[in-house]
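Chain identifiers are assigned alphabetically (A, B, ...) following the order of the sequence lines, protein sequences preceding nucleic acid strands; residue numbering begins at 1 within each chain.
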Amino acid sequence: KSSQGRMESFFKPV
Amino acid sequence: MLELRLLQGGLLKKVLEAMKDLVNDANFDCSPTGFSLQAMDSSHVALVSLLLRSEGFEHYRCDRNVSMGMNLNNMAKMLRCAGNDDIVTLKADDGSDCITFMFENPSQDKIADFEMKLMDIDSEHLGIPDAEYQSIVRMPAAEFARICRDLSTIGDTVLISVSKEGVQFSTRGDMGTANIVCRRTTTVDKPEEDVIIEMEEPVSLTFALRYLNSFTKATPLATQVTISMSSDLPMVIEYRIEGMGYIRYYLAPKIDE
């Protein structure tokens, strides 16, 4: 089973 | 005052076609460096980053940094009214709530003005640090598009595995499985057809094909595509726009639970 990662898990807001 | 004149108007048409299915509304940022955009899809799984450098424009005037919110579908509709060989000029006055697209045909006997309303868009800008990717694959853009299209008829996700010998794309669905391997090529006479692999470590990651198919709308912009992957980062799919910059798509991988 896998889940979809989201952008904010990898890159932080500036 | 903003005035950007681009001789290859067709290029801007292609850029919009490459983004409008992924992102609805986005802020275009204009600075002395160039015309750029960073935006995520509505589910925040994918991100697109566009840069058209000022040097690539025939005339580039941007008195102060400005951010202009636009509906990409509407912008694409307006640009579809330009001929592929038309010269396109983007114009906006300081503080204006509109942008004007001016299209001139090559013989300069037809000039069209389209004015589009700007929007206020609250968008967060993500910091994307420079990273060393574990595996980088460069391959023909049309071939990559074909693979994504073919595999999406079989399954919803693709496992991309890079080794020194090549790159493997695998999927599975109700009807069965599919595997496509592209071997590293060694020819030197047709670099645009080469599959080049730079690998520090083998990488295997799973991605949703729906997004990859959306990214391949950028295929008309470049002959080659660069796919960069690391096990702990979103993949980057880059189409270089000759003489201007790039369109890059970032896609978060599927994470095993």
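If you look at A:Phe11 and B:Tyr250, their ring centroids are closer than 6.0 Å.
With values rounded to the nearest 0.5 angstrom, B:Glu124 atom CD is found 5.0 Å from A:Glu8 atom CD. Atoms OH and CD, on B:Tyr211 and A:Gln4 in that order, are 6.0 Å from each other to the nearest 0.5 Å. In this structure, CG in B:Leu233 is found 12.0 Å from OG in A:Ser9, a value given to the nearest 0.5 Å.
At least one donor-acceptor pair closer than 3.5 Å links the side chain of A:Arg6 to the backbone N or O of B:Ser43.
Annotation for A:Lys12: atom NZ counts as buried by contact number, over 12 foreign heavy atoms lying within 6.0 Å. When the shell of 6.0 Å around CG of B:Asp63 is examined, it contains more than 12 heavy atoms from other residues, nucleotides or ligands. Counting heavy-atom neighbours within 6.0 Å of B:Asp94 CG, excluding the residue itself, gives a total above 12.
Counting heavy atoms from C-beta on, the side chains of B:Pro253 and A:Phe10 come closer than 4.5 Å.
Residue B:Leu126 comes nearest to A:Met7 through the heavy atom pair CD1-CB, 3.9 Å, listed as atom of the first residue, atom of the second, then distance. When all heavy atoms are compared, the tightest approach of A:Gly5 to B:Ala252 is O-CB, 3.3 Å.
Top candidate by heavy-atom pairs under 4.5 Å with chain A, chosen from B:Leu47, B:Ile128, B:Asp232, is B:Ile128.
Within the 4.5 angstrom heavy-atom criterion, no atom of B:Asp41 approaches chain A.
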